[in-house]
Amino acid sequence: MLATSVSHVEPSIELANLVSEKVRAWYSANQRNLSFRHTKDPYLIWLSEIILQQTQVKQGLPYYEKFKDTFPTVEALAGASQDEVLRLWQGLGYYSRGRNLHHTAQIITEAHKGIFPNSYTELLKLKGIGSYTAAAIASFAFGEAVAVLDGNVFRVLARLFGVDTDITSGAGKRIFSDLAAKILCPEQSAMHNYAMMEFGSQLCKPHHPDCVNCPLQEVCVANQKGRQRELPFKAKKIKLKEKFFHYLVVQKDGLYAFNKRDDSNIWAGLYEFPLIETLSHHAPLPSCELLAEPKKHLLIHQKLWIHFWQVAELPSASSSTGWFSAQQIETLPKPKPITEFCAKLCKI
DNA sequence: CATGCGTGGGG
DNA sequence: TCCCCAAGCAT
């Protein structure tokens, strides 16, 4: 599944040109009619780009229109109060975008005397403008030859060139920005960037890419190999899950109930007290006595809460339990929390 | 570099 | 129900 070192296709100049030409031709015939694409006013382009960060056009468009009507210029936006701006932003989410928008409008109005910074490098210095937005404004408003790299472009490039490097990793960012730069048509950067994003959002879609009608199907690695579904590759976000382990300390005739863990889980093959896993700290059985404070045990993507309960008898359900003396247990391989608990138990 | 930040929609 | 995704950025 996960490939660490994969030799994806390195596009030749010819292939790079072909890709840009085909995508731009597709765009000319298939682009949606979106008002913010029909302006070169850097203020309006900036406004639309901020609103559309992590936001679908359908959701953001009404906000763009509202802001454009209410604040037609950067000075008008700068002159508003933060409350007015956030009131207009209400419901769109990611409210720091609204705060930064207002703040940056004031910087441009005052420090830049109302003149919008006109290069990728200068734009990047403004609050709320990162690499994507700087490239978007620089190319759309000023024709600078910089390639945008957003979620759509990641997807198009990953599929087209068969790149299965994790797009969230540092290595991935490098590979994809190199590829994006390589296929950019410098004389047509605005059109190229619009086209790449539109192509990704309308044809090379995440779930049902329209490969049958794709002008690049013959050069697309994912299409050749049927890997559209796997690309782009993102490492699964590791969510720290909380688990509650309850160990039952049961003594019978001087022997302790003790089990060997099966090999399909953590601590495979090690020994432990009979275990009940629940969803809370609460006692797992009606009559049992807590022997120690719950112990936190951190694994790579799990937080375990370990409890030890003294119990008179084993629940009838538990099977295949062995019985061992304290001396025998001492010699058995055990997980760290069990070892620690046993050590404490011996001292008492 | 991992995480938090919002809301709406789809599988 | 849950997870992923949508024109990312700041910390």
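Treat the numbers as computed from the prediction; the structure is a model and nothing was measured. In what follows, chains are A, B, ... by sequence order, proteins preceding strands, each numbered from 1.
B:dG8 and C:dA10 have their P atoms separated by 24 Å, given to the nearest Å. Look at the P atom in both B:dT3 and C:dA7: the space between them is 23 Å, to the nearest Å. Spacing between B:dG4 and C:dC4 at atom P, rounded to whole Å, works out to 15 Å. Taking the C1' atom of each, B:dG6 and C:dA6 are spaced 12 Å apart, rounded to whole Å.
Checking C:dC9, C:dT11, B:dG6 against every side-chain atom of A:R97, the shortest atom distance belongs to B:dG6. In the set C:dC9, B:dT7, C:dA6, the nucleotide with an atom closest to the side chain of A:Y95 is B:dT7. Looking at the side chain of A:Y132, the nearest of the listed nucleotides C:dC9, B:dT7, C:dC5 is C:dC9. Ranking B:dG6, C:dA6, C:dA10 by closeness to the A:Y94 side chain, first place goes to B:dG6. Taking the side chain of A:T55 as heavy atoms from C-beta on, and the options B:dG6, C:dA6, C:dA7, the nearest nucleotide is B:dG6. When distances are taken from the side chain of A:V57 to each of B:dT7, C:dA7, C:dC5, the shortest belongs to C:dA7.
Using a 4.0 Å heavy-atom distance criterion, A:S48 is classed as making no nucleic acid contact. Within the 4.0 angstrom heavy-atom criterion, only backbone atoms of the sugar-phosphate kind lie near A:R155; the bases stay farther away. A:G200 comes within contact range of no nucleotide atom at all, as no heavy-atom separation falls under 4.0 Å. Counting non-hydrogen atoms under 4.0 angstrom, A:F36 reaches a base of the nucleic acid. Among the heavy atoms of the strands lying under 4.0 Å from A:L92 is at least one base atom, whether or not backbone atoms are also near. As judged by a 4.0 angstrom heavy-atom cut-off over every strand, A:R229 is placed among residues making no nucleic acid contact. Within 4.0 Å (heavy atoms only), A:S169 reaches no atom of the nucleic acid at all. Residue A:T168 is out of contact with every strand shown, counting any heavy-atom pair closer than 4.0 Å. In this structure, A:L126 reaches the sugar-phosphate backbone alone: every heavy-atom distance under 4.0 Å involves primed, P, OP1 or OP2 atoms, never a base.
Taking atom CZ of residue A:F140 and atom P of nucleotide C:dA7, one finds them 13 Å apart after rounding to whole Å. Straight-line distance from the CD1 atom of A:I50 to the C1' atom of C:dA10: 12 Å, rounded to whole Å. Rounded to an integer number of Å, the gap from CG of A:L124 to P of C:dG8 is 16 Å. At whole-Å resolution of the value, CG in A:L101 and P in C:dA10 are 13 Å apart. Note: CZ (A:R99) to P (B:dC5) measures 11 Å, nearest angstrom. For the pair A:L149 CG and C:dG8 P, the interatomic distance rounds to 10 Å; values are reported in whole Å. Atom-to-atom, CD of A:Q53 to P of C:dC9 comes out at 5 Å; the value is rounded to the nearest Å. Put simply, OH on A:Y63 is 9 Å from C1' on B:dT7, counting in whole angstrom units.
Mapped onto DNA chain B by nearest heavy atom, A:G91 and A:G170 fall at different nucleotides, with A:G170 at the one closer to the 5' end. Checking A:G93 against A:H208, the closest nucleotide of DNA chain B that is more toward the 5' end is the one next to A:G93.
Salt-bridge annotation for A:E21 and A:R24: absent, with no side-chain N of the basic residue lying under 4.0 Å from a carboxylate O of the acidic one.
Ring centroid separation for the pair A:W89 and A:Y94 does not come in under the 6.0 Å cut-off. Taking the six-membered ring wherever Trp is involved, the centroid distance between the rings of A:F116 and A:Y43 does not fall below 6.0 Å.
Side chain of A:N100 to backbone of A:K127: no donor-acceptor contact under 3.5 angstrom is found. Between the side chain of A:R159 and the backbone N or O of A:L231 there is at least one donor-acceptor pair closer than 3.5 Å.
A perpendicular orientation is assigned to the rings of A:F273 and A:F308, their planes being inclined by more than 60° (bins at 30° and 60°).
For the pair A:K234 and C:dC5, the criterion of a side-chain N or O lying under 4.0 Å from OP1 or OP2 is met. Proximity of A:Q56 to the phosphate of C:dA6: no side-chain N or O atom is located under 4.0 Å from OP1 or OP2.
Under the ring pair (Phe, Tyr, Trp, His ring centres under 6.0 Å) rule, A:Y194 has a single partner from A:F140, A:F199, A:W26, A:F36, which is A:F140.
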